[in-house]
Structure formats: C-alpha cells, structure tokens
A.B. asks: 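Would you mind keeping the following structure in view while I ask a few things?
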Amino acid sequence: MDKPRSLLWTFLSDRSGLAATEFALVLPVMLAGWLGMAQLSQMSVASTKAMMAAQSVGDLMSQEPSLSGNFTDLVLAASQVLSPLPTTSSVLTVDVVSISFNSSNVPQLGWRCTTGSGGDTTAQMNAAIATATGLGTSGQSVIMVTVTYSYTPTITGGIIGTQTFVQRSFNKPRLALLIPQPC
C-alpha cells in the first residue's frame, strides 16, 4: 500500500518535463495571437491602400482635364498604389463619376466610367451622388472616385473570408469647371 503512494508522490514531484509541457500548451495560443495580429495589420494596409488609390485617382482627374480617353491610365495608377496587393479586375473596381450641379445646385450624374466587377448599383450610385450636395454650385462639377477592393487574407483566408473595402473620394476640378469624360 505504501508503494502506490510513493509512486504517486514521485510522479507529482517530478519536474523534468514541465517546461516542455508548458511550452506545448502555450505555443498554439501564442501562434494564433501572432497570426491574428499579422492578419489584422495586413487588412489595415489593404484598407489604407484602397483609400489612397481613390484619393490618387481623384487627384489625377481633378488636375488633368486632358486625361480624356485615358481611363486605363487611371486604373493603372490605382493598381500601382495598391501594389504589391493583387489588382486583377475581379478584386479591384475603379468607378469615376462626374457630378454636375444644375441651376438649383442639385447634384446629378454627368458621366460615369467604371472597370472591374464590384461597381455600385444604380441605387448605391444615386445615394453616393446625393452625398455631394453642397460641394458645388450651378455650372460646377465634382469628381467622385469609388475604389472597391476585395481582399482575401493570405494567412487565414479560409477562416475569415474575403473583406471588401469601399473608399470614396470627392475632388473639385482645378483647371476647368467640368472634366471631359475619360472613357
């Protein structure tokens, strides 16, 4: 009877594998936390780059009325800003809209150029145009750029799924009241 108690005491007091056991228990938690933080930072970078792409395209359109017919250059500029993230037409949509103001200062669609597959629907476009109220007066225009970027996480893509970032930029033309259609 004394022998089982002695073996139990020996087992409970033995500390030779304790560090390895603790490491084996803590490692998965630490790895999950580290991978999660890495994934969140990558998603933050993708969102920020989408915002910068919308602002860059809007800025290019507002300062260069001569970009008429060069919509592909604007899409290329957005792709360069998003680099090194993938920028195929299935994940990147660039939507450039000229919003003109009528005699009552109400915003209305002038023209629209879009590329990619994730563009706004008509209802979304009308709602976005309505947000331009107060940005101009009769005879003026505003360029609205919407960049939609679908980001699939590289580390946990199957778990989190695709995140879609929609960023808008409003810019007033600098050298003209109206910008000609670039597409």
Side-chain angles (χ1 to χ4, degrees), residues 22-64 67 70-99 107 109-135 141-174 179 181-183:
E22 287 176 352
F23 180 75
L25 291 173
V26 171
L27 180 66
V29 174
M30 289 178 63
L31 280 176
W34 179 76
L35 290 173
M37 291 302 294
Q39 194 58 66
L40 285 175
S41 66
Q42 285 181 348
M43 287 173 52
S44 176
V45 165
S47 175
T48 302
K49 283 183 171 269
M51 179 182 58
M52 290 170 44
Q55 291 173 346
S56 296
V57 170
D59 190 45
L60 285 171
M61 277 300 299
S62 68
Q63 65 181 323
E64 276 301 323
L67 282 175
N70 292 321
F71 184 65
T72 54
D73 290 343
L74 293 171
V75 175
L76 181 61
S79 296
Q80 291 298 315
V81 171
L82 284 163
S83 179
L85 298 172
T87 56
T88 61
S89 62
S90 63
V91 297
L92 173 65
T93 299
V94 178
D95 201 358
V96 180
V97 176
S98 175
I99 302 170
L109 177 66
W111 50 259
R112 179 181 185 189
C113 299
T114 189
T115 183
S117 59
D120 286 339
T121 63
T122 303
Q124 292 169 324
M125 182 58 57
N126 290 337
I129 290 172
T131 62
T133 301
L135 295 179
S141 69
V142 173
I143 300 298
M144 180 182 74
V145 177
T146 305
V147 170
T148 306
Y149 186 71
S150 299
Y151 174 71
T152 303
T154 55
I155 298 171
T156 59
I159 297 170
I160 294 177
T162 300
Q163 303 294 312
T164 301
F165 303 109
V166 178
Q167 302 290 341
R168 282 195 169 76
S169 173
F170 290 91
N171 297 77
K172 284 190 172 189
R174 297 181 190 167
I179 299 287
Q181 186 170 359
C183 54

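Both backbone and side-chain heavy atoms feed into the values below; hydrogens, waters and symmetry mates do not. Fair warning: this is a prediction, and the values are worked out from it, not measured in the lab.
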A.B. asks: To the nearest 0.5 Å, tell me how far Leu76 CG sits from Thr115 OG1.
C.D. replies: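 Separation between the atoms: 11.5 Å.
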A.B. asks: Roughly how far, to the nearest 0.5 Å, is OG1 of Thr148 from CG of Asp95?
C.D. replies: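 Between atom CG of Asp95 and atom OG1 of Thr148 there are 7.5 Å.
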A.B. asks: Do you know the tightest heavy-atom contact between Ser150 and Thr164?
C.D. replies: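 That closest heavy-atom pairing would be OG-OG1, 3.5 Å.
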A.B. asks: Search all heavy atoms of Ala53 against all heavy atoms of Leu82 and return the closest pair with its distance.
C.D. replies: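 Heavy atoms only, the tightest pair is CB-CG, 4.4 Å.
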A.B. asks: Could you walk me through whether Tyr149 and Gln167 pass the side-chain hydrogen bond (donor to acceptor under 3.5 Å, both in side chains) check?
C.D. replies: CA-CA 9 Å; Tyr149 186 71; Gln167 302 290 341; over 6 Å; no
A.B. asks: Can you tell me how far apart OG1 (Thr131) and CD1 (Ile99) are? Round to the nearest 0.5 Å.
C.D. replies: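 That separation rounds to 6.5 Å.
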A.B. asks: So how far is it from Gln42 CD to Gln163 CD, rounded to the nearest 0.5 Å?
C.D. replies: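 So the CD of Gln42 and the CD of Gln163 are separated by 12.5 Å.
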A.B. asks: When you compare the side chain of Arg174 with that of Asp59, does any pair of heavy atoms fall below 4.5 Å?
C.D. replies: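 Touching, per the 4.5 Å side-chain cut-off.
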A.B. asks: Are any side-chain N or O atoms of Lys172 and backbone N or O atoms of Ser62, one a donor and one an acceptor, separated by less than 3.5 Å?
C.D. replies: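 Looks like no, no N/O pair under 3.5 Å.
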A.B. asks: Quick check: closest heavy atoms across Thr146 and Arg168, and the distance to 0.1 Å?
C.D. replies: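 The answer is OG1-NE, 3.3 Å.
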A.B. asks: Quick one: OG1 on Thr152 to CE on Met43, what's the gap to the nearest 0.5 Å?
C.D. replies: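 Rounded to the nearest 0.5 Å, the OG1-CE separation comes to 10.5 Å.
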A.B. asks: Can you give me the closest heavy-atom contact between Pro86 and Val91, atom names plus distance?
C.D. replies: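 Answer, listing the atom of Pro86 first, then Val91: O-CG2, 3.4 Å.
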A.B. asks: Please find the pair of heavy atoms, one from Val94 and one from Ala78, that lie closest to each other, and give the distance.
C.D. replies: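 Taking Val94 first and Ala78 second, the nearest heavy atoms are CG2-CB, 3.9 Å.
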A.B. asks: Short question: side chain of Ser47, backbone of Ser44 - any donor-acceptor pair under 3.5 Å?
C.D. replies: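 No.
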A.B. asks: As an exercise, state the distance from CE of Met61 to CG of Asn171, rounded to the nearest 0.5 Å.
C.D. replies: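 If we round to the nearest 0.5 Å, Met61:CE and Asn171:CG are 10.0 Å apart.
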A.B. asks: Does the Ser79 side chain pair with the main chain of Val75, one donor and one acceptor, at a distance under 3.5 Å?
C.D. replies: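 Confirmed, Ser79 side chain pairs with Val75 backbone.
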A.B. asks: Check whether any side-chain heavy atom of Ser98 sits under 4.5 Å from a side-chain heavy atom of Gln181, and report yes or no.
C.D. replies: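 No - every pair of side-chain heavy atoms lies 4.5 Å or more apart.
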A.B. asks: For residues Trp111 and Ile179, determine if any side-chain heavy atom of one lies less than 4.5 Å from a side-chain heavy atom of the other.
C.D. replies: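 Side-chain contact under 4.5 Å: yes.
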A.B. asks: Is there side-chain contact between Val96 and Val57, with heavy atoms separated by less than 4.5 Å?
C.D. replies: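 Yes - at least one pair of side-chain heavy atoms lies under 4.5 Å apart.
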A.B. asks: Given Phe165 and Lys49, is the side chain to side chain contact (heavy atoms under 4.5 Å, CB included) satisfied, shown in steps?
C.D. replies: CA-CA 10 Å; Phe165 303 109; Lys49 283 183 171 269; over 6 Å; no
A.B. asks: What heavy-atom pair brings Ala128 and Phe170 nearest, and what distance separates the two atoms?
C.D. replies: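 The answer is O-CZ, 3.9 Å.
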